[in-house]
Amino acid sequence: QVQLVESGGGLVQAGSSLTLSCVASGRTFSSYTMGWFRQAPGKEREFVAAIGWSGGITNYADSAKGRFTISRDNAKNTVYLKMNSLKPEDTAVYYCAATSTPITTMSRAFYSYWGQGTQVTVSS
């Protein structure tokens, strides 16, 4: 079992930066691929970014490329999502997720564990 707790969301202006954190319980954090997803009101949950167990491999949605950076600190059981140049369309609840699949998959179906989400609101 893995429990995930996100933090770092908030209300920011367009063009600002924000860093989300997700702390995982358990001693096997380093064996999981970690992902970030988001869900805007009335829309399906969508992939944002994923990072392999060692941190050496990352994968991003087109909407995140060049603006967002995913990273992890296995010693702290934490995965981060640094978001720069935020836009109003980035407004959503952001979820952290974990999968034992050894690839940085974009598919929600592969992620077994989910956090409760943290709200990010970007004003124009």
Side-chain angles (χ1 to χ4, degrees):
Q1 282 282 355
V2 177
Q3 292 185 325
L4 305 172
V5 179
E6 303 98 332
S7 62
L11 171 62
V12 297
Q13 291 187 331
S16 300
S17 298
L18 204 59
T19 298
L20 307 182
S21 300
C22 172
V23 179
S25 66
R27 294 172 290 180
T28 58
F29 173 76
S30 61
S31 66
Y32 287 92
T33 293
M34 300 298 297
W36 285 97
F37 290 76
R38 68 185 183 185
Q39 188 167 17
K43 295 187 176 181
E44 291 195 357
R45 193 170 299 187
E46 65 176 9
F47 172 79
V48 177
I51 188 166
W53 65 271
S54 69
I57 297 176
T58 57
N59 192 10
Y60 294 93
D62 287 343
S63 59
K65 287 179 182 176
R67 297 190 302 128
F68 295 1
T69 302
I70 188 171
S71 61
R72 67 189 296 163
D73 185 339
N74 287 341
K76 295 182 178 180
N77 280 14
T78 303
V79 61
Y80 305 95
L81 184 68
K82 180 168 177 57
M83 305 183 291
N84 295 325
S85 302
L86 283 162
K87 305 174 182 179
E89 50 263 45
D90 294 318
T91 295
V93 177
Y94 283 71
Y95 297 90
C96 172
T99 176
S100 57
T101 302
I103 57 173
T104 52
T105 177
M106 296 183 176
S107 174
R108 288 182 299 173
F110 284 91
Y111 290 84
S112 302
Y113 305 102
W114 294 84
Q116 83 289 349
T118 185
Q119 176 71 48
V120 172
T121 303
V122 184
S123 64
S124 58

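All values derive from a computational prediction rather than experimental measurement. Basis for what follows: all heavy atoms, side chains included, without hydrogens, waters or symmetry-related copies.
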Transitive ILVMFWY side-chain link Val12 to Tyr94, under 4.5 Å: yes
Closest non-hydrogen atom pair, Gly8 against Leu18: O-CG, 3.5 Å
Distance, nearest 0.5 Å, that separates CG of Asn77 from OG of Ser30: 8.0 Å
Contact list for residues 73-124, test disulfide bond (SG atoms under 2.5 Å apart), sequence neighbours left out: Cys22-Cys96
Min side-chain heavy-atom separation Ile51-Val79 under 4.5 Å: yes
Cluster check Tyr111, Val23: I/L/V/M/F/W/Y, side chain < 4.5 angstrom: no
Side chain proximity check, Leu20 to Trp36, heavy atoms < 4.5 angstrom: yes
Inter- and intrachain pairs under ring-ring contact (aromatic ring centres under 6.0 Å, His included), touching residues 42-82, at least two apart: Phe37-Phe47
Any Arg108 side-chain heavy atom under 4.5 Å of Glu46 side chain: no
Where Ala24 and Val2 come nearest, the two heavy atoms and their spacing: CB-CG1, 4.1 Å
Contacts of Glu89 that satisfy salt bridge (Lys or Arg N to Asp or Glu O under 4.0 Å) - sequence neighbours left out: none
From Met34 atom CE to Thr78 atom OG1, the distance as rounded to the nearest 0.5 Å: 9.0 Å
Qualifying residues under side-chain contact (heavy atoms from CB on, under 4.5 Å), relative to Gln116, sequence neighbours excluded: Val5, Glu6
Flag side-chain contact, heavy atom, 4.5 Å: Thr33 against Thr101: no
Asp62 with Lys65: basic N within carboxylate O range, under 4.0 Å: yes
Pairs satisfying side-chain hydrogen bond (donor to acceptor under 3.5 Å, both in side chains), at least one member in residues 7-19, at least two apart: Ser17-Asn84
Hydrophobic cluster membership, Tyr95 vs Tyr32, 4.5 Å side-chain cutoff: no
For Ala92 against Ala40, the heavy-atom pair lying closest together: CB-N, 3.8 Å
Check: Gln3 main-chain N/O paired with Ser25 side-chain donor or acceptor under 3.5 Å: yes
Check: Thr118 and Val93 side chains under 4.5 Å, non-hydrogen atoms: no
Euclidean distance, Met83 CE relative to Arg38 CZ, rounded to 0.5 Å: 9.0 Å
hydrophobic_cluster_shared for Phe110 and Phe29, side chain cutoff 4.5 Å: no
Donor-acceptor under 3.5 Å (Thr91 side chain, Val122 main chain): yes
Under the side chain to side chain donor-acceptor pair (under 3.5 Å) test, residues paired with Lys43 that sit two or more places apart: none
More than 12 heavy atoms of other groups within 6.0 Å of Ile57 CD1: no
Validation row: Val120, Asp90 side chains within 4.5 angstrom (heavy atoms): no
